[in-house]
Amino acid sequence: MTRLTKHLLTLSAAAGFGLASIGTAFSAESLEDVMKRRGLTEKDILAAAKTYTPTGGRDEFVVFSSGGQSGQLIVYGIPSMRILKYVAVFTPEPWQGYGFDDESKAVLAQGKINGTEINYGDTHHPAISETNGEYDGEWLFINDKANPRIAVVDLKDFETKQIVVNPIMKSEHGGAFVTPNTEYVIEATQYAGPFSNDFVPLSKFNDEYRGAVTYWKFDREAGRIDPAQSFSVELPPYSQDLSDAGKLVSDGWSFTNSFCTERYVGGIERGRPPFEAGCSQKDTDFLHMINWKKAAELVAAGKATKINDHDVIMMDTAVAEGILFLIPEPKSPHGVDVSPDGKYIIVSGKLDTHASVYSFEKMKALIDAKDFAGTDPYGIPILDLKKSLHTQLQVGLGPLHTQYDSKPCVVYTSIYVDSQVTKWDYCEGKVLDKISVHYNIGHLMSMEGDSVSPKGKYLVSLNKLAIDRFNPVGPLHPQNHQLIDISGDKMELLYDMPLPLGEPHYAVAISADKLKPKVRYKSGWDSRTDQRSPHRTLPGRERTEVVDGVTHIYGTLIRSHITPEIIEVEEGSTVSLHFTNVERAEDETHGFAIRGFDINLSAEPGKTVSATFKAEKPGVYPYYCTEFCSALHLEMQGYLLVTPKGYTAEGVALQEGQTYTEEDYTKQVETVNATQAVIDSVVQYITARNFKDFPPVVAMVEDATDQLNFAEEAKTKTEEFAAAKDWQNATLWAQQWFQYQVKAADIGLRAKTYLDQNGAKVVNQ
Ligand code: CUK
Ligand code: CUA
């Protein structure tokens, strides 16, 4: 009996009869002892109880945080603050095979700028798709500040599907923000530039450098942005900043602020004062108010100008048609956040102590009455600040961003300089509470805080500095996301989470039950185009085809072998590997790594992935599966043999290190029979219970049945070779038969444990 069988037998015994004896080994220490030993207060224990999530537990909210300059997305749960995933967006990421397989390389290639591959992004603002102003959990958009781009992530599989490059911007920041039915994804310029890709001297800044807001049309059916239906509105070179879409009463409008209406162009090395001086001279900058619904109609009516093959509504058209207005905002403004009812817009000035609450109703009335305080140098009408304001309130030094609570009128503003969050009432204009954070908070985020119905409960403070909060790890510190309980009158700090991946700017949190990701792809799926892959392969149909000089290998991956296991090509060949993971089981991903070609693939169940490369140098290149997918994972291996030009094989037979006899065969069959007994008992255990009431168990049973069918095939081959007295092949196939049994037994025992732990009932004996 092999060690594996013994192990299985022990496992099954333990699972069947011995469970009760497995430790209810509660530590002898009492809660009080632990508190004393670790120096914890009652408040700490309360915070722990509010965040601790026992094994198998799920979180109430799922957060999508920008990964800053990592160009990725960070997904974590609230209240546990456990990181669930990094989603590769603008940056190659080998675990997901992103940027290492042909399919995802094609997505990254969409993001080239002037033909240059860009292998990172500075992600700032993620936005979840909305239906009637509510997060719907279907899509996510995120911007790249450094290389003006927007990416589309599908929340069915948490994969990046599309990258679009802004056709006119040279820098951006105020994206991604969605309109209430995800008609458009908003992206606004940061640093002004010429719309053309040509050189334009800074001396022409006022006349030829421009800002803009782009409205990317999202085609929900296709699940992609449609660049041909997208358009922009030309803006002055004011260094536009954040944006937000109006909702309900202000639906159809969008708001974008700016921080350098001084139009300063810098030049510290030329003896001029730096940007920071030149851009903060004036007391106010401008909030831009754009009627995007009317803008879309103007584009449809042919009133846009084509620039770089993209529709742009020029400023004079925007002014003449009454879709663009400016309102002064104090001082070096940063955040702009529309209230859940769409009636108010809160703006904070970084160099001010106030938050300004604008009334949409008042602004709209001024526009309707054409009651303007003047025009800017580009002829854009300016609304009077005082007449537009609902109220202003002192909230602290360096206010940045504001988030809305589920309680009416209650908001939270991040106070950068003071390292605080201020809770205040924007209807009454009064401060309610303050809490210190660590340190220098940027954005903050409440649950579904950008929707028409924020969920309250928790707030996350996205701090810029961690300084002394964690064990030191060198001069580059992790970021610190702090979880704050906002359910009561006083804010309570619950948890510090280090984020070691880049500087997240913004995050969005959605109720976990709105996310419905799939567990497997349809068989042979190209996850990046969301279509059946032309390169998919079924088990038994693995083959090699040479087309136009390219050697295509159509292979499969399943526990625990890669088919083919030997690939032989001549030096100089172009090879295109196509592997389909033919597993149906949950969480049975296989990887594919090979020496020396910068190839690393990840094939989740059902997925087909490809890698095309040139086999330049003769040699031996082992490949293997990178995911520990079963007990025989290490044996999930193979060889790429690149033969020298003109090489002919010396002999046909492959060498084997071991010869097997009839005795070996008989021993192997004994093992198989013993294992079958284990399987039978597990099957009996499961089928005697109401396992069909447990979908995960049903899936496991399906998987185990698959494995037993494979075992059956191997058994047939075993018996054929045994009948022919070919003990070599008979023994090896008997071993393979056993391998499939082991996989089936492994799954069966997992299913049994699940049933035990989830209160399955005996239904027939
Ligand atoms: S920004 Cu970084 S803290 Cu890009 Cu929204 Cu304010
Ligand atoms: Cu598949 Cu390891």
Side-chain angles (χ1 to χ4, degrees), residues 65-69 97 121-127 142-146 148 171-177 186-191 239-244 256-257 259 332-337 347-350 398-403 413-417 419 421 437 439-445 449-450 460-465 479-481 502-508 555-563 565 579-583 585 587-593 600-605 607 609 623-638 739 743 746:
S65 169
S66 91
Q69 59 278 65
D122 184 13
T123 60
H124 275 237
H125 308 103
I142 191 159
N143 68 320
D144 171 8
K145 170 170 168 162
S171 160
E172 61 103 285
H173 186 228
F177 297 93
I186 298 172
E187 183 182 28
T189 328
Q190 181 113 86
Y191 309 116
S239 295
Q240 280 76 22
D241 203 24
L242 286 182
S243 304
D244 203 2
T256 300
N257 53 22
F259 62 79
S332 296
H334 187 44
V336 49
D337 297 282
V347 172
S348 311
K350 304 184 295 270
L400 297 185
H401 300 284
T402 294
Q403 282 276 284
T413 296
S414 55
I415 313 293
Y416 179 83
V417 178
S419 287
V421 172
V437 292
Y439 301 87
N440 298 92
I441 177 174
H443 273 275
L444 72 184
M445 174 202 56
D450 289 333
V460 175
S461 166
L462 288 74
N463 306 308
K464 295 299 173 195
L465 303 178
Q479 302 284 309
N480 185 12
H481 281 199
E503 189 199 303
H505 286 259
Y506 191 41
V508 280
T556 56
L557 306 169
I558 192 165
R559 277 157 292 167
S560 308
H561 46 267
I562 301 171
T563 308
E565 295 186 335
F579 284 109
T580 301
N581 179 343
V582 292
E583 302 274 2
D587 201 9
E588 275 298 345
T589 294
H590 299 290
F592 180 92
N600 185 63
L601 310 177
S602 175
E604 294 79 50
K607 199 191 235 185
V609 284
Y623 54 80
Y624 65 97
C625 167
T626 50
E627 293 267 340
F628 210 110
C629 49
S630 74
L632 273 293
H633 147 78
L634 292 179
E635 289 76 358
M636 196 163 173
Q637 61 168 121
Q739 290 308 331
K743 287 169 194 121
D746 174 36

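Indexing begins at 1, ligand by ligand and atom by atom, following the structure's order. Residue indices begin at 1 and follow the sequence shown.
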Exercise. Are side-chain N/O atoms of H505 and E503 paired as donor and acceptor at under 3.5 Å?
Worked result: yes

Exercise. What atoms of ligand 1 come closer than 4.0 angstrom to any heavy atom of H125?
Worked result: 1 (S), 4 (Cu), 5 (Cu)

For this session: Measure from atom 1 (Cu) of ligand 2 to each N, O or S atom of M636 and report whether any distance is below 2.8 Å.
Result: yes

Seminar exercise, completed: The atoms of ligand 1 lying under 4.0 Å from a heavy atom of H443, numbered in the order shown, are 1 (S), 3 (S), 5 (Cu), 6 (Cu)

Problem set entry | N/O/S atom name from H505 that is nearest to the position of atom 2 (Cu) of ligand 1 | ND1

For this session: Rounded to the nearest 10 degrees, what's the angle ND1 of H590 makes with SG of C625 at atom 1 (Cu) of ligand 2? Could you check?
Result: 120°

Problem set entry | Part of L400 with heavy atoms under 4.0 Å of ligand 1, whether side chain, backbone, both or neither | neither

Exercise. Have D241 and Q190 got a donor and an acceptor in their side chains that come within less than 3.5 Å?
Worked result: yes

Exercise. Side chains of L242 and H401: closer than 4.5 Å at any heavy-atom pair?
Worked result: yes

Exercise. What atoms in ligand 1 come closer than 4.0 Å to a heavy atom of H334?
Worked result: 1 (S), 3 (S), 6 (Cu)

Exercise. Which ligand 1 atoms, with their elements, are less than 4.0 angstrom from a heavy-atom of K464?
Worked result: 2 (Cu), 3 (S)

Seminar exercise, completed: For atom 4 (Cu) of ligand 1, the nearest N/O/S atom on H124 is atom ND1

Problem set entry | Audit row: H125, H173, side chain to side chain contact (heavy atoms under 4.5 Å, CB included) steps and yes/no | CA-CA 8 Å; H125 308 103; H173 186 228; 3.3 Å; yes

For this session: Starting from the C-alpha separation in whole Å, work towards a yes-or-no answer on side-chain hydrogen bond (donor to acceptor under 3.5 Å, both in side chains) for T580 and T556.
Result: CA-CA 5 Å; T580 301; T556 56; over 6 Å; no

For this session: Taking the side chain as every heavy atom from C-beta outward, state whether S414 and H443 have any atom pair closer than 4.5 Å.
Result: no

Seminar exercise, completed: Between V609 and S602 the two heavy atoms that sit nearest each other are CG1-O, 3.6 Å

